[in-house]
Peer 1: 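My questions will all concern the structure given below.
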Amino acid sequence: MVVVRRRLIFWLIKAYIKKSKKTLIISFFVGLLIFFAFLFGARYLKTLFTLHRYPVIGVVGSYEKDNLPPIVKNKLSRGLTRVDPNGSIRPDLATNYAISDGGKTYKFNLNPNLTFNDGARLDSRDLNYNFSDVKIEKPDKNTIVFKLKDSYAPFLSTVSQSVFKRGLIGVGDYFIKNIQLNGNFVQSLILGLVKNRFDTVKFVFYPTESSLKEAFMLGEITEASGLGNAEFKNLYFQKFPHTRVTNNIDYSHLVTLFYNISDGELSDKKLRLALSYALPDDMKFGKSAYLPYSPNSIYYNSEVPKRQQDLDHAKLIRPEKTTKLTITTLKKYNNTAKLIAASWSKIGIKTTIIEVDEIPDRFQIFLSDFNVPRDSDQYPLWHSGQISNITRFRNLRIDKLLEDGRKTTNVEERKKIYFDFQKFLLEDMPASFLYFPYSYTVTRI
(Lines give C-alpha, C1' and ligand atoms only; values in the text may rest on other atoms or scores of the structure.)
Protein backbone atom coordinates (compact mmCIF):
# COMPACT_ATOMS: atom_id res chain seq x y z
CA MET A 1 0.00 0.00 0.00
CA VAL A 2 2.87 2.35 0.86
CA VAL A 3 4.55 1.54 -2.45
CA VAL A 4 1.36 2.37 -4.37
CA ARG A 5 1.09 5.74 -2.60
CA ARG A 6 4.69 6.61 -3.41
CA ARG A 7 4.15 5.75 -7.05
CA LEU A 8 0.98 7.82 -7.09
CA ILE A 9 2.75 10.86 -5.60
CA PHE A 10 5.65 10.46 -8.04
CA TRP A 11 3.21 10.17 -10.95
CA LEU A 12 1.29 13.30 -9.84
CA ILE A 13 4.54 15.34 -9.48
CA LYS A 14 5.75 14.16 -12.88
CA ALA A 15 2.43 15.03 -14.49
CA TYR A 16 2.41 18.47 -12.82
CA ILE A 17 5.95 19.21 -14.00
CA LYS A 18 5.11 18.12 -17.53
CA LYS A 19 1.99 20.25 -17.58
CA SER A 20 3.55 23.36 -15.91
CA LYS A 21 7.08 23.06 -17.30
CA LYS A 22 7.13 26.53 -18.92
CA THR A 23 5.65 28.23 -15.83
CA LEU A 24 8.20 26.59 -13.54
CA ILE A 25 11.16 27.59 -15.70
CA ILE A 26 9.98 31.19 -15.95
CA SER A 27 9.34 31.33 -12.18
CA PHE A 28 12.83 29.96 -11.51
CA PHE A 29 14.57 32.63 -13.57
CA VAL A 30 12.34 35.40 -12.23
CA GLY A 31 13.29 34.29 -8.73
CA LEU A 32 16.97 34.43 -9.63
CA LEU A 33 16.57 37.94 -11.04
CA ILE A 34 14.78 39.12 -7.89
CA PHE A 35 17.48 37.55 -5.71
CA PHE A 36 20.37 39.23 -7.55
CA ALA A 37 18.51 42.52 -7.83
CA PHE A 38 18.06 42.51 -4.07
CA LEU A 39 21.67 41.48 -3.52
CA PHE A 40 23.19 44.23 -5.67
CA GLY A 41 20.60 46.84 -4.75
CA ALA A 42 20.96 46.42 -1.01
CA ARG A 43 23.69 49.06 -0.63
CA TYR A 44 21.69 51.55 -2.74
CA LEU A 45 18.62 51.00 -0.61
CA LYS A 46 20.77 51.43 2.49
CA THR A 47 22.01 54.77 1.13
CA LEU A 48 18.49 55.89 0.32
CA PHE A 49 17.14 55.19 3.79
CA THR A 50 20.20 56.23 5.81
CA LEU A 51 20.21 59.90 6.80
CA HIS A 52 23.40 61.99 6.54
CA ARG A 53 25.76 59.05 6.04
CA TYR A 54 27.80 60.59 3.24
CA PRO A 55 30.87 62.72 4.07
CA VAL A 56 30.31 66.46 4.47
CA ILE A 57 33.59 68.33 3.91
CA GLY A 58 34.11 71.91 5.06
CA VAL A 59 36.49 74.19 3.15
CA VAL A 60 37.59 77.80 3.76
CA GLY A 61 37.06 80.28 0.95
CA SER A 62 34.60 82.17 -1.25
CA TYR A 63 34.15 80.63 -4.68
CA GLU A 64 31.95 81.21 -7.70
CA LYS A 65 30.71 78.43 -9.98
CA ASP A 66 33.43 79.16 -12.52
CA ASN A 67 36.18 79.27 -9.88
CA LEU A 68 35.82 76.21 -7.68
CA PRO A 69 38.80 75.12 -5.52
CA PRO A 70 41.08 72.29 -6.72
CA ILE A 71 39.70 69.88 -4.10
CA VAL A 72 36.38 70.05 -5.97
CA LYS A 73 37.49 70.64 -9.58
CA ASN A 74 39.83 67.65 -9.54
CA LYS A 75 36.88 65.39 -8.69
CA LEU A 76 34.75 66.81 -11.50
CA SER A 77 37.20 66.79 -14.37
CA ARG A 78 40.75 66.54 -15.71
CA GLY A 79 42.99 68.53 -18.04
CA LEU A 80 44.61 67.93 -21.39
CA THR A 81 47.79 67.30 -19.42
CA ARG A 82 48.60 66.48 -15.82
CA VAL A 83 51.46 67.71 -13.67
CA ASP A 84 53.03 65.01 -11.51
CA PRO A 85 54.20 65.86 -7.95
CA ASN A 86 57.78 66.09 -9.26
CA GLY A 87 56.80 68.69 -11.87
CA SER A 88 56.90 66.33 -14.87
CA ILE A 89 54.11 66.92 -17.40
CA ARG A 90 52.26 64.04 -19.03
CA PRO A 91 49.24 63.70 -21.35
CA ASP A 92 45.91 63.17 -19.61
CA LEU A 93 42.74 63.75 -21.66
CA ALA A 94 45.13 63.95 -24.60
CA THR A 95 46.82 60.76 -25.73
CA ASN A 96 49.81 62.82 -26.90
CA TYR A 97 50.88 66.33 -27.84
CA ALA A 98 53.37 67.98 -30.19
CA ILE A 99 55.16 71.34 -29.91
CA SER A 100 56.28 73.18 -33.05
CA ASP A 101 57.03 76.62 -34.43
CA GLY A 102 59.65 77.34 -31.79
CA GLY A 103 57.29 76.71 -28.88
CA LYS A 104 54.40 78.75 -30.30
CA THR A 105 52.14 75.91 -31.51
CA TYR A 106 50.76 73.15 -29.30
CA LYS A 107 48.77 70.32 -30.85
CA PHE A 108 46.82 67.85 -28.68
CA ASN A 109 45.23 64.59 -29.84
CA LEU A 110 42.32 63.68 -27.56
CA ASN A 111 41.61 60.21 -26.20
CA PRO A 112 38.60 59.02 -28.26
CA ASN A 113 37.58 56.49 -25.59
CA LEU A 114 36.77 59.09 -22.93
CA THR A 115 33.33 60.54 -22.21
CA PHE A 116 31.93 63.54 -20.37
CA ASN A 117 29.89 62.86 -17.25
CA ASP A 118 26.66 63.19 -19.27
CA GLY A 119 27.71 60.23 -21.42
CA ALA A 120 28.74 62.24 -24.49
CA ARG A 121 32.05 61.43 -26.13
CA LEU A 122 34.98 63.75 -25.44
CA ASP A 123 34.91 66.22 -28.34
CA SER A 124 37.29 69.10 -29.02
CA ARG A 125 34.32 71.26 -30.04
CA ASP A 126 33.00 71.10 -26.48
CA LEU A 127 36.22 72.42 -24.92
CA ASN A 128 35.76 76.10 -24.09
CA TYR A 129 39.09 77.86 -23.57
CA ASN A 130 39.46 81.60 -23.18
CA PHE A 131 43.15 82.48 -23.53
CA SER A 132 44.29 85.95 -24.56
CA ASP A 133 46.62 86.16 -27.57
CA VAL A 134 45.98 82.50 -28.41
CA LYS A 135 44.35 81.28 -31.62
CA ILE A 136 42.47 78.00 -31.17
CA GLU A 137 41.80 75.57 -34.01
CA LYS A 138 39.73 72.37 -33.91
CA PRO A 139 40.39 70.56 -37.20
CA ASP A 140 38.38 67.53 -36.05
CA LYS A 141 36.60 66.25 -32.96
CA ASN A 142 39.75 64.54 -31.64
CA THR A 143 42.23 67.38 -32.22
CA ILE A 144 42.76 70.82 -30.73
CA VAL A 145 45.56 73.21 -31.69
CA PHE A 146 46.73 76.31 -29.80
CA LYS A 147 48.75 78.94 -31.64
CA LEU A 148 50.48 81.39 -29.30
CA LYS A 149 51.76 84.81 -30.16
CA ASP A 150 55.09 84.15 -28.38
CA SER A 151 56.90 81.08 -27.10
CA TYR A 152 55.60 80.09 -23.70
CA ALA A 153 56.84 76.80 -22.21
CA PRO A 154 54.53 76.90 -19.13
CA PHE A 155 51.56 76.48 -21.50
CA LEU A 156 51.70 72.71 -20.99
CA SER A 157 50.97 73.13 -17.29
CA THR A 158 48.34 75.78 -18.05
CA VAL A 159 46.21 73.22 -19.92
CA SER A 160 46.44 70.81 -16.98
CA GLN A 161 43.53 72.76 -15.47
CA SER A 162 40.26 70.81 -15.39
CA VAL A 163 38.19 71.22 -18.56
CA PHE A 164 34.41 71.50 -18.71
CA LYS A 165 31.70 71.98 -21.22
CA ARG A 166 28.70 74.13 -20.37
CA GLY A 167 26.98 73.35 -17.10
CA LEU A 168 30.20 72.29 -15.34
CA ILE A 169 30.06 68.91 -17.07
CA GLY A 170 33.51 67.41 -16.83
CA VAL A 171 35.43 64.19 -17.47
CA GLY A 172 36.07 63.25 -13.85
CA ASP A 173 34.82 60.61 -11.44
CA TYR A 174 32.07 62.87 -10.03
CA PHE A 175 29.25 65.08 -11.30
CA ILE A 176 27.31 67.89 -9.60
CA LYS A 177 24.00 66.65 -8.16
CA ASN A 178 23.04 69.82 -6.35
CA ILE A 179 24.45 73.30 -5.84
CA GLN A 180 23.36 76.00 -3.39
CA LEU A 181 24.27 79.62 -4.09
CA ASN A 182 24.39 82.70 -1.89
CA GLY A 183 24.29 85.45 -4.48
CA ASN A 184 27.09 84.66 -6.92
CA PHE A 185 29.00 82.53 -4.43
CA VAL A 186 28.72 78.79 -3.89
CA GLN A 187 27.44 78.00 -0.41
CA SER A 188 27.47 74.22 -0.77
CA LEU A 189 27.38 71.52 -3.42
CA ILE A 190 26.78 67.79 -3.56
CA LEU A 191 28.77 65.57 -5.90
CA GLY A 192 27.69 62.11 -7.05
CA LEU A 193 30.00 59.34 -8.21
CA VAL A 194 29.48 58.74 -11.93
CA LYS A 195 29.64 54.94 -11.55
CA ASN A 196 27.31 54.96 -8.54
CA ARG A 197 24.95 57.93 -8.31
CA PHE A 198 24.11 57.15 -4.69
CA ASP A 199 27.76 57.44 -3.60
CA THR A 200 27.92 61.15 -2.76
CA VAL A 201 30.06 63.75 -1.04
CA LYS A 202 29.04 67.23 0.07
CA PHE A 203 31.22 70.35 0.24
CA VAL A 204 30.33 73.36 2.40
CA PHE A 205 32.27 76.63 2.21
CA TYR A 206 33.07 78.90 5.17
CA PRO A 207 34.50 82.44 5.20
CA THR A 208 37.16 81.85 7.87
CA GLU A 209 39.10 79.00 9.44
CA SER A 210 37.56 79.72 12.85
CA SER A 211 34.02 79.39 11.43
CA LEU A 212 35.04 76.13 9.74
CA LYS A 213 36.34 74.71 13.03
CA GLU A 214 33.20 75.78 14.85
CA ALA A 215 31.06 74.06 12.20
CA PHE A 216 32.99 70.85 12.83
CA MET A 217 32.45 71.12 16.58
CA LEU A 218 28.71 71.71 16.05
CA GLY A 219 28.44 68.61 13.88
CA GLU A 220 27.52 70.49 10.69
CA ILE A 221 30.34 68.76 8.81
CA THR A 222 32.17 65.45 9.16
CA GLU A 223 35.53 66.75 7.92
CA ALA A 224 37.39 70.08 8.07
CA SER A 225 39.97 70.30 5.30
CA GLY A 226 43.02 72.53 4.82
CA LEU A 227 43.41 73.82 8.38
CA GLY A 228 46.49 75.82 9.34
CA ASN A 229 46.58 74.18 12.78
CA ALA A 230 44.73 71.48 14.71
CA GLU A 231 43.54 73.66 17.61
CA PHE A 232 40.14 74.98 18.65
CA LYS A 233 39.97 77.54 21.46
CA ASN A 234 43.34 76.41 22.87
CA LEU A 235 42.31 72.75 22.75
CA TYR A 236 43.80 70.16 20.39
CA PHE A 237 41.49 68.24 18.09
CA GLN A 238 43.56 65.11 18.76
CA LYS A 239 42.15 65.06 22.29
CA PHE A 240 38.50 65.03 21.17
CA PRO A 241 36.78 61.62 21.08
CA HIS A 242 35.99 60.01 17.70
CA THR A 243 38.24 62.50 15.92
CA ARG A 244 41.18 61.82 13.62
CA VAL A 245 43.76 64.46 12.65
CA THR A 246 45.81 64.03 9.49
CA ASN A 247 48.93 66.11 8.92
CA ASN A 248 50.16 66.87 5.39
CA ILE A 249 52.80 69.16 3.90
CA ASP A 250 51.37 71.83 1.61
CA TYR A 251 53.92 72.04 -1.19
CA SER A 252 51.71 74.49 -3.10
CA HIS A 253 52.57 77.33 -0.67
CA LEU A 254 55.95 78.52 0.56
CA VAL A 255 56.19 80.78 3.63
CA THR A 256 58.80 83.42 2.85
CA LEU A 257 60.47 86.55 4.20
CA PHE A 258 60.45 89.13 1.40
CA TYR A 259 63.12 91.85 1.78
CA ASN A 260 62.39 95.26 0.31
CA ILE A 261 65.53 95.86 -1.76
CA SER A 262 64.62 99.53 -2.24
CA ASP A 263 64.74 100.09 1.54
CA GLY A 264 67.81 102.01 2.68
CA GLU A 265 69.00 99.28 5.02
CA LEU A 266 67.74 96.13 3.25
CA SER A 267 69.44 97.23 0.03
CA ASP A 268 72.67 96.07 1.70
CA LYS A 269 73.27 92.46 0.67
CA LYS A 270 75.40 91.83 3.79
CA LEU A 271 72.41 92.60 6.02
CA ARG A 272 70.16 90.22 4.07
CA LEU A 273 72.76 87.47 4.36
CA ALA A 274 73.22 88.13 8.08
CA LEU A 275 69.46 87.89 8.65
CA SER A 276 69.40 84.64 6.71
CA TYR A 277 72.22 83.09 8.75
CA ALA A 278 70.46 84.07 11.98
CA LEU A 279 67.22 82.25 11.11
CA PRO A 280 66.44 79.09 13.09
CA ASP A 281 66.91 75.84 11.21
CA ASP A 282 63.58 74.40 12.36
CA MET A 283 60.53 76.66 12.07
CA LYS A 284 58.27 73.86 13.53
CA PHE A 285 55.25 75.10 11.54
CA GLY A 286 56.14 73.17 8.40
CA LYS A 287 58.88 71.47 6.40
CA SER A 288 61.98 73.68 6.30
CA ALA A 289 62.92 75.15 2.93
CA TYR A 290 65.76 77.17 1.49
CA LEU A 291 64.90 77.16 -2.24
CA PRO A 292 61.73 78.40 -3.99
CA TYR A 293 60.83 74.90 -5.25
CA SER A 294 59.47 71.75 -3.68
CA PRO A 295 62.28 69.29 -2.87
CA ASN A 296 60.26 66.74 -4.88
CA SER A 297 60.53 68.79 -8.07
CA ILE A 298 62.79 67.77 -10.94
CA TYR A 299 63.79 71.46 -11.08
CA TYR A 300 65.02 71.52 -7.46
CA ASN A 301 68.76 72.22 -7.36
CA SER A 302 70.00 70.03 -4.50
CA GLU A 303 73.58 71.14 -5.20
CA VAL A 304 72.93 74.64 -3.84
CA PRO A 305 74.51 74.68 -0.33
CA LYS A 306 71.91 74.86 2.39
CA ARG A 307 72.44 77.73 4.82
CA GLN A 308 72.19 76.67 8.43
CA GLN A 309 71.94 78.91 11.46
CA ASP A 310 75.33 80.44 12.25
CA LEU A 311 74.93 83.28 14.73
CA ASP A 312 78.66 84.02 14.93
CA HIS A 313 78.90 84.44 11.16
CA ALA A 314 75.71 86.53 11.15
CA LYS A 315 77.18 88.89 13.78
CA LEU A 316 80.39 89.15 11.81
CA ILE A 317 78.79 90.29 8.54
CA ARG A 318 75.90 92.32 9.96
CA PRO A 319 76.26 96.08 9.33
CA GLU A 320 76.74 97.71 12.75
CA LYS A 321 74.42 100.60 11.90
CA THR A 322 71.37 98.30 11.68
CA THR A 323 69.89 97.64 15.11
CA LYS A 324 66.14 97.86 14.41
CA LEU A 325 63.92 96.29 11.73
CA THR A 326 60.20 95.86 11.13
CA ILE A 327 58.46 92.70 9.98
CA THR A 328 55.03 93.20 8.49
CA THR A 329 53.21 89.87 8.64
CA LEU A 330 49.92 88.25 7.80
CA LYS A 331 48.10 87.44 11.03
CA LYS A 332 48.36 83.68 10.55
CA TYR A 333 52.16 83.92 10.58
CA ASN A 334 52.43 85.99 13.74
CA ASN A 335 53.98 83.11 15.72
CA THR A 336 56.54 82.60 12.96
CA ALA A 337 57.39 86.32 13.12
CA LYS A 338 57.94 86.06 16.88
CA LEU A 339 60.26 83.10 16.40
CA ILE A 340 62.28 85.04 13.81
CA ALA A 341 62.42 88.14 16.00
CA ALA A 342 63.78 86.06 18.89
CA SER A 343 66.57 84.72 16.66
CA TRP A 344 67.49 88.14 15.28
CA SER A 345 67.70 89.53 18.81
CA LYS A 346 70.67 87.18 19.32
CA ILE A 347 72.66 89.13 16.72
CA GLY A 348 71.73 92.52 18.17
CA ILE A 349 68.67 93.39 16.06
CA LYS A 350 65.41 94.44 17.70
CA THR A 351 62.38 93.58 15.58
CA THR A 352 58.96 95.24 15.58
CA ILE A 353 56.06 93.10 14.31
CA ILE A 354 53.06 94.61 12.50
CA GLU A 355 50.03 92.52 11.53
CA VAL A 356 48.16 93.11 8.25
CA ASP A 357 45.40 91.37 6.28
CA GLU A 358 46.92 91.79 2.82
CA ILE A 359 50.12 92.72 0.99
CA PRO A 360 51.07 96.22 2.23
CA ASP A 361 52.05 99.01 -0.14
CA ARG A 362 55.15 99.75 1.90
CA PHE A 363 57.23 97.46 4.11
CA GLN A 364 60.76 96.69 5.19
CA ILE A 365 60.31 92.94 5.50
CA PHE A 366 57.11 91.14 4.61
CA LEU A 367 56.32 87.71 6.05
CA SER A 368 53.82 85.88 3.86
CA ASP A 369 53.49 82.92 1.53
CA PHE A 370 53.34 82.61 -2.22
CA ASN A 371 51.70 80.04 -4.45
CA VAL A 372 54.40 77.78 -5.81
CA PRO A 373 53.49 77.45 -9.50
CA ARG A 374 52.88 73.98 -10.92
CA ASP A 375 55.39 74.87 -13.61
CA SER A 376 58.99 75.83 -12.81
CA ASP A 377 58.43 79.37 -14.14
CA GLN A 378 58.62 82.09 -11.42
CA TYR A 379 58.91 85.03 -13.80
CA PRO A 380 56.12 87.15 -12.21
CA LEU A 381 57.72 87.00 -8.76
CA TRP A 382 61.37 87.81 -9.51
CA HIS A 383 61.69 89.51 -12.91
CA SER A 384 62.53 93.19 -12.50
CA GLY A 385 59.85 94.25 -15.01
CA GLN A 386 56.96 92.75 -13.06
CA ILE A 387 54.66 94.66 -10.69
CA SER A 388 54.22 91.44 -8.71
CA ASN A 389 57.95 91.53 -7.87
CA ILE A 390 57.22 92.96 -4.41
CA THR A 391 60.86 92.91 -3.26
CA ARG A 392 61.83 95.37 -6.06
CA PHE A 393 64.64 92.94 -6.85
CA ARG A 394 66.70 93.77 -9.94
CA ASN A 395 69.28 91.44 -11.43
CA LEU A 396 69.91 91.31 -15.19
CA ARG A 397 71.30 87.76 -15.04
CA ILE A 398 68.20 86.54 -13.19
CA ASP A 399 65.98 88.39 -15.69
CA LYS A 400 67.69 86.65 -18.62
CA LEU A 401 67.37 83.20 -17.02
CA LEU A 402 63.67 83.75 -16.34
CA GLU A 403 63.10 84.96 -19.89
CA ASP A 404 64.93 81.97 -21.37
CA GLY A 405 63.18 79.52 -19.03
CA ARG A 406 59.72 80.35 -20.26
CA LYS A 407 60.78 80.07 -23.91
CA THR A 408 62.59 76.74 -23.61
CA THR A 409 60.44 73.63 -24.08
CA ASN A 410 63.20 71.02 -23.74
CA VAL A 411 63.02 69.68 -20.17
CA GLU A 412 66.75 69.06 -19.72
CA GLU A 413 67.62 72.55 -20.97
CA ARG A 414 65.00 74.05 -18.66
CA LYS A 415 66.52 72.19 -15.72
CA LYS A 416 69.90 73.80 -16.36
CA ILE A 417 68.31 77.24 -16.59
CA TYR A 418 66.37 76.92 -13.34
CA PHE A 419 69.28 75.32 -11.51
CA ASP A 420 71.28 78.47 -12.33
CA PHE A 421 68.32 80.66 -11.39
CA GLN A 422 68.18 79.17 -7.88
CA LYS A 423 71.93 79.42 -7.38
CA PHE A 424 72.15 83.11 -8.35
CA LEU A 425 68.92 84.02 -6.54
CA LEU A 426 70.29 82.75 -3.25
CA GLU A 427 73.54 84.62 -3.78
CA ASP A 428 71.62 87.93 -3.81
CA MET A 429 69.07 86.82 -1.18
CA PRO A 430 66.06 89.05 -2.03
CA ALA A 431 64.06 86.70 0.20
CA SER A 432 64.53 83.96 2.78
CA PHE A 433 62.50 80.83 2.07
CA LEU A 434 61.33 79.41 5.37
CA TYR A 435 59.00 76.42 5.12
CA PHE A 436 56.19 74.61 3.34
CA PRO A 437 53.35 74.84 5.88
CA TYR A 438 51.64 71.89 7.48
CA SER A 439 48.03 71.40 6.44
CA TYR A 440 45.64 69.59 8.75
CA THR A 441 42.48 67.63 8.03
CA VAL A 442 40.18 66.85 10.96
CA THR A 443 37.73 63.97 10.47
CA ARG A 444 34.92 62.61 12.64
CA ILE A 445 35.17 58.82 12.86
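Residue numbers run from 1 in the order of the sequence given.
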Peer 1: Begin from the C-alpha positions of Arg414 and Glu412 and carry the test salt bridge (charged side-chain N to carboxylate O under 4.0 Å, His left out) through to its verdict.
Peer 2: CA-CA 5 Å; Arg414 290 193 92 202; Glu412 293 306 314; over 6 Å; no

Peer 1: Mind telling me whether Phe203 and Phe205 have parallel, tilted or perpendicular rings, with 30° and 60° as the class edges?
Peer 2: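 The arrangement is parallel - the two ring planes meet at less than 30°.
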
Peer 1: With heavy-atom distances below 4.5 Å as the criterion, would you say the side chains of Leu76 and Phe164 are in contact?
Peer 2: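 Yes; the side chains approach each other to less than 4.5 Å.
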
Peer 1: Who pairs with Ser225 by side chain to side chain contact (heavy atoms under 4.5 Å, CB included), at least two apart in sequence or on another chain?
Peer 2: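 In terms of side chain to side chain contact (heavy atoms under 4.5 Å, CB included), with neighbours along the sequence ignored, Ser225 is linked to Ile57, Ile71, Glu223, Thr441.
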
Peer 1: Between Ser157 and Ser160, does any side-chain donor sit less than 3.5 Å from a side-chain acceptor?
Peer 2: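 Judged by distance alone, the side chains do not pair up.
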
Peer 1: For the residue pair Lys202 and Ser188, establish whether any side-chain heavy-atom pair is separated by less than 4.5 Å.
Peer 2: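 Counting from C-beta outward, Lys202 and Ser188 do come under 4.5 Å.
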
Peer 1: Yes or no on side chain to side chain contact (heavy atoms under 4.5 Å, CB included) for Tyr106 and Val145, after CA distance, side-chain angles and deciding distance?
Peer 2: CA-CA 6 Å; Tyr106 291 79; Val145 181; over 6 Å; no

Peer 1: Which atoms form the tightest heavy-atom contact between Gly172 and Val194, and what is the distance?
Peer 2: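 Minimum heavy-atom separation between Gly172 and Val194: O-CG2, 3.8 Å.
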
Peer 1: Tell me if the CZ atom of Phe131 is crowded by more than 12 foreign heavy atoms within 6.0 Å.
Peer 2: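 For Phe131, atom CZ is crowded (more than 12 foreign heavy atoms under 6.0 Å).
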
Peer 1: Side chains of Arg166 and Asn128, heavy atoms from C-beta outward: is any pair under 4.5 Å?
Peer 2: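 Yes; the side chains approach each other to less than 4.5 Å.
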
Peer 1: Cation-pi between Arg397 and Phe424: NZ/CZ under 6.0 Å from ring centre and within 45° of the ring axis?
Peer 2: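 Pair Arg397/Phe424 counts as cation-pi.
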
Peer 1: Find out whether Val163 and Tyr129 are in side-chain contact, i.e. whether some heavy atom of one side chain is under 4.5 Å from a heavy atom of the other.
Peer 2: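 They are in side-chain contact.
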
Peer 1: Measure from NZ or CZ of Arg444 to the centre of the six-membered ring of Phe216 and say whether it is under 6.0 Å with the direction within 45° of the ring axis.
Peer 2: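 Satisfied, under 6.0 Å and within 45°.
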
Peer 1: Looking at Thr351, Leu257, Ile340, Leu266, which hits side chain to side chain contact (heavy atoms under 4.5 Å, CB included) with Leu275?
Peer 2: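 Only match with Leu275 under side chain to side chain contact (heavy atoms under 4.5 Å, CB included): Leu266.
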
Peer 1: Considering residues, nucleotides and ligands other than Lys177, do more than 12 of their heavy atoms fall under 6.0 Å from its NZ?
Peer 2: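 Enclosed.
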
Peer 1: Give me the ring orientation class for Trp382 and Phe393: parallel if the planes are under 30° apart, tilted from 30 to 60°, perpendicular past 60°.
Peer 2: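 The arrangement is perpendicular - the two ring planes meet at more than 60°.
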
Peer 1: What I want to check is whether the side chains of Asn229 and Lys213 have a donor and an acceptor closer together than 3.5 Å.
Peer 2: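 Note: Asn229 and Lys213 side chains meet the donor-acceptor criterion.
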
Peer 1: For the pair Asp268 and Arg272, find out whether any cationic side-chain nitrogen is under 4.0 Å from an anionic carboxylate oxygen.
Peer 2: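 Salt bridge between Asp268 and Arg272, a charged N being under 4.0 Å from a carboxylate O: no.
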
Peer 1: Quick check with a 6.0 Å cut-off and a 45 degree axis cone: is Arg307 positioned over the face of Tyr290's six-membered ring?
Peer 2: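 No, Arg307 and Tyr290 do not form such a contact.
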
Peer 1: Does the pair Asp123/Arg121 count as a salt bridge with the N-to-O cut at 4.0 Å?
Peer 2: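 Between Arg121 and Asp123 there is no salt bridge, as every charged N stays at least 4.0 Å from the carboxylate O atoms.
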
Peer 1: Using the side chain to side chain contact (heavy atoms under 4.5 Å, CB included) criterion, which residues pair with Asn260? Sequence neighbours excluded.
Peer 2: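 Result, side chain to side chain contact (heavy atoms under 4.5 Å, CB included) vs Asn260: Ser262, Asp263, Phe363, Arg392.
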
Peer 1: So Asp84 and Arg82, salt bridge (charged side-chain N to carboxylate O under 4.0 Å, His left out) or not? Walk me through it.
Peer 2: CA-CA 6 Å; Asp84 290 345; Arg82 75 171 187 269; 3.3 Å; yes

Peer 1: Taking atom CG of Asp126 as the centre, report whether more than 12 heavy atoms of other residues, nucleotides or ligands fall under 6.0 Å from it.
Peer 2: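 Yes, because the 6.0 Å sphere around CG of Asp126 holds more than 12 heavy atoms from other groups.
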
Peer 1: Is it true that, when you exclude Leu218 itself, more than 12 heavy atoms of the residues, nucleotides or ligands shown sit nearer than 6.0 Å to its CG?
Peer 2: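 Yes, enclosed.
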
Peer 1: I want to check a possible cation-pi pair here: Lys415 against Tyr299, using under 6.0 Å from ring centre and within 45° of the ring axis as the test.
Peer 2: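 Relative to the ring axis of Tyr299, which defines the angle, Lys415 lies outside at least one limit.
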
Peer 1: Under the salt bridge (charged side-chain N to carboxylate O under 4.0 Å, His left out) test, which residues partner Lys75, sequence neighbours left out?
Peer 2: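 With neighbours one apart ignored, the set is empty.
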
Peer 1: Quick check: do Ile89 and Arg374 have side-chain heavy atoms less than 4.5 Å from each other?
Peer 2: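 Heavy-atom side-chain distance check fails, nothing below 4.5 Å.
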
